[in-house]
Engineer: 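Next up is a structure, given as structure tokens.
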Amino acid sequence: MGENKRKRGRKPKNAKPEAQDFPPPTTATATSVAMVLDDVFSVSNVELMDPASTSKHHQNRRGRPKKLSKHVENPDKFPQLSPTRRGSRGVEKGEFTASVDVLPPAVVAERAQPEWPGIARVVPAMDAVVKVFCVHTEPNFSLPWQRKRQYSSSSSGFVIGGRRVLTNAHSVEHYTQVKLKKRGSDTKYLATVLAIGTECDIAMLTVDDDEFWVGVSPVEFGELPALQDAVTVVGYPIGGDTISVTSGVVSRIEILSYVHGSTELLGLQIDAAINSGNSGGPAFNDKGNCVGIAFQSLKHEDAENIGYVIPTPVILHFIQDYEKNGAYTGFPILGLEWQKMENPDLRKAMGMKQDQKGVRIRRIDPTGPESKVLKPADIILSFDGVDIANDGTVPFRHGERIGFSYLVSQKYTGDSATIKVLRNSETLSFTYQLSSYRRLIPAHSEGKAPSYYIIAGFVFSTVSVPYLRSEYGKDYEYEAPVKLLDKLLHSMPQSPDEQLVVVSQVLVADINIGYEDIVNTQVLAFNGKPVKNLKSLANMVESCDDEFLKFDLEYQQIVVLRTSTAKAATLDILATHCIPSAMSNDLKA
């Protein structure tokens with residue numbers, strides 16, 4: 001919308017201001033589009049809706065008003081009644097005159113409730129939509145021995161079969177207490193969290209109180225909608241306490257970036273308003289079946305009314321995964337990076353024939369099962385018998401293509417998959433078991449408390465996305481050190497238990513004079529031995545009998561402390577800063 005074009009019609013007398021629900025973009029972020037989770041307690045993300053836009057039959061259009069016909073057509077087209085005594089009177093307003101019929105009360109009642117044989121209006125199961133109240137207690141990743149101040153939030157959810165309730169994972173993240181309230185009820189019921197799917201941003205709850213389930217019918221799931229299909233989003237967004245309904249159509253179906261899960265799965269884009277508090281609410285089709293869960297929206301100066309919905313294939317995958325394994329095991333992901341093969345010279349150099357298509361493997365995760373059968377520079381031709389195009393897409397539906405990662409996400413962790421590759425002009429086929437992908441810098445703590453170890457005032461911790469967000473704020477992708485960002489985006493773990501260990505901060509004391517400025521610097525080795533993870537570092541330091549403790553940091557920086565003095569000073573430093581222990585509980589085990 002870079003250019004404002006003049007539209008036809010009369011210019012309104014008073015220009016209507018547009019609500020700005022986002023800060024002006026900085027120089028670094030002007031060209032980027034950020035997905036924003038609808039924070040249920042943030043007022044800065046509220047979009048004001050024009051009440052006229054919510055009316056289905058009476059919309060304010062620009063331009064010259066349309067003349068009223070003598071006989072106003074009723075959209076419901078009631079059946080023709082027998083002649084009755086009629087009178088008319090003129091109601092003048094402005095330059096228009098409308099004719100009002102005076103009918104007997106019996107006729108009015110008959111018209112108000114018409115009966116059409118074979119035609120039934122489907123109403124979404126709004127009674128199954130509940131309001132979710134959650135108290136969160138988030139860990140303090142910068143001070144890992146304590147937690148932040150608790151806060152409350154409200155969101156939406158809906159009842160499914162088996163006495164269960166679905167909502168968003170970010171709605172109950174770091175939960176301390178979860179309560180549910182039904183529509184029209186004044187009672188809040190304590191809920192139990194059964195499973196949290198971080199990648200797909202779905203959580204499953206239940207309520208032990210039998211009273212909660214009285215008179216509630218579970219929501220039925222529908223098929224994946226098509227483009228331009230009507231959808232109705234129901235929930236409890238900001239702006240009121242009662243249930244809210246917004247409607248729109250399906251604008252796009254593709255692989256989306258799930259902000260909370262930091263992964264890519266199938267998603268729906270709709271033009272219905274999704275505001276703070278809509279998270280976890282169902283999206284119904286015109287038949288009253290649930291076709292998705294509202295979970296995020298796009299806030300950008302060039303975008304309006306862009307909301308995103310988790311579709312039924314992802315929802316059913318989450319539910320069936322829980323029913324099959326008794327817990328959420330996640331979505332399998334190929335542990336590799338690939339390159340498009342759209343250039344004809346590149347295809348010819350790789351030994352591909354004219355009728356062959358596929359993508360080239362750049363790197364493979366050494367800890368994943370793919371590393372046992374695949375090699376870099378292999379050309380992936382097909383996955384489970386479905387041919388992959390040179391741009392990495394596969395046929396989806398009529399007239400639609402989608403990224404081949406959709407085929408992988410349809411499977412479950414531990415399932416077998418057959419992959420066909422081209423290696424040295426030879427076609428090979430491999431069958432292996434799929435698994436979930438583990439990043440060197442994890443995107444989530446998965447509800448676990450952060451790990452830490454303290455010696456002589458040096459606070460050692462592991463790097464994760466929540467840690468970077470705690471240290472550098474929401475714009476950590478621009479504020480964090482370049483080396484940490486490079487490891488976040490490109491580094492792969494060399495072993496299943498590898499972690500990125502850093503000196504988070506130095507608690508100032510006499511023993512660490514001269515080291516006060518060391519912040520978020522990676523620890524490479526201790527006394528000449530490489531540091532694989534935080535637990536190995538803690539064990540090496542605790543069992544060290546050498547005269548000095550020597551830490552090798554990045555940028556060729558070293559820290560040397562006398563062993564006996566460092567261990568003795570640790571207790572005083574802990575007491576000064578009211579720290580209960582020198583290491584987290586997971587390192588003590």
Engineer: Applying side-chain hydrogen bond (donor to acceptor under 3.5 Å, both in side chains), can you list everything that pairs with Thr176, at least two apart in sequence or on another chain?
Structural biologist: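 Thr176: side-chain hydrogen bond (donor to acceptor under 3.5 Å, both in side chains) contacts with Thr137.
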Engineer: Only counting residues at least two apart or in another chain, list the ones meeting side-chain contact (heavy atoms from CB on, under 4.5 Å) with Val165.
Structural biologist: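 Val165 satisfies side-chain contact (heavy atoms from CB on, under 4.5 Å) with Val130, Val159, Leu180, Leu205, Phe212, Trp213 only.
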Engineer: Hey, could you give me each pair passing side chain to side chain donor-acceptor pair (under 3.5 Å) that has a residue in residues 385-403? Not counting sequence neighbours.
Structural biologist: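 Residue pairs passing side chain to side chain donor-acceptor pair (under 3.5 Å), neighbours aside: Asp391-Thr393, Thr393-Arg401, Arg397-Glu400.
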Engineer: Distance under 6.0 Å and angle within 45° of the ring axis: does Lys179 meet both against Tyr189?
Structural biologist: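 Ring-cation test returns no.
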Engineer: Below 4.0 angstrom, N of the basic side chain to O of the carboxylate: do Lys181 and Asp186 qualify?
Structural biologist: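 No, Lys181 and Asp186 are not salt-bridged.
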Engineer: Could I get the full list of side-chain hydrogen bond (donor to acceptor under 3.5 Å, both in side chains) partners for Glu446, not counting sequence neighbours?
Structural biologist: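 For Glu446 there are no side-chain hydrogen bond (donor to acceptor under 3.5 Å, both in side chains) partners, ignoring immediate neighbours.
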Engineer: Please list all pairs passing the ring pair (Phe, Tyr, Trp, His ring centres under 6.0 Å) test where one or both residues lie in residues 261-282, with sequence neighbours left out.
Structural biologist: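 For residues 261-282: none.
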Engineer: Taking side-chain contact (heavy atoms from CB on, under 4.5 Å) as the definition, give me every residue that meets it alongside Glu264, ordered by chain and number, with sequence neighbours left out.
Structural biologist: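 By the side-chain contact (heavy atoms from CB on, under 4.5 Å) rule, Glu264 matches Ile255.
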Engineer: Kindly indicate whether a cation-pi arrangement holds for Lys188 with Phe133, taking the cut-offs as under 6.0 Å to the six-membered ring centre and within 45° of the axis.
Structural biologist: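 Geometry flag: set, cation within 6.0 Å and 45°.
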Engineer: With a 6.0 Å cut-off on the ring centroids, do Tyr308 and Tyr258 count as close?
Structural biologist: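 Centroid separation for Tyr308 and Tyr258: 6.0 Å or greater.
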Engineer: Using the rule given for ring pair (Phe, Tyr, Trp, His ring centres under 6.0 Å), can you reason through Phe295 versus His170, listing the C-alpha separation, both sets of side-chain angles and the distance that settles it, and then say yes or no?
Structural biologist: CA-CA 9 Å; Phe295 75 116; His170 72 262; 7.9 Å; no
Engineer: Would His136 and Tyr175 count as a close aromatic pair, with their ring centres under 6.0 Å?
Structural biologist: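 No, they do not, as the ring centres are separated by 6.0 Å or more.
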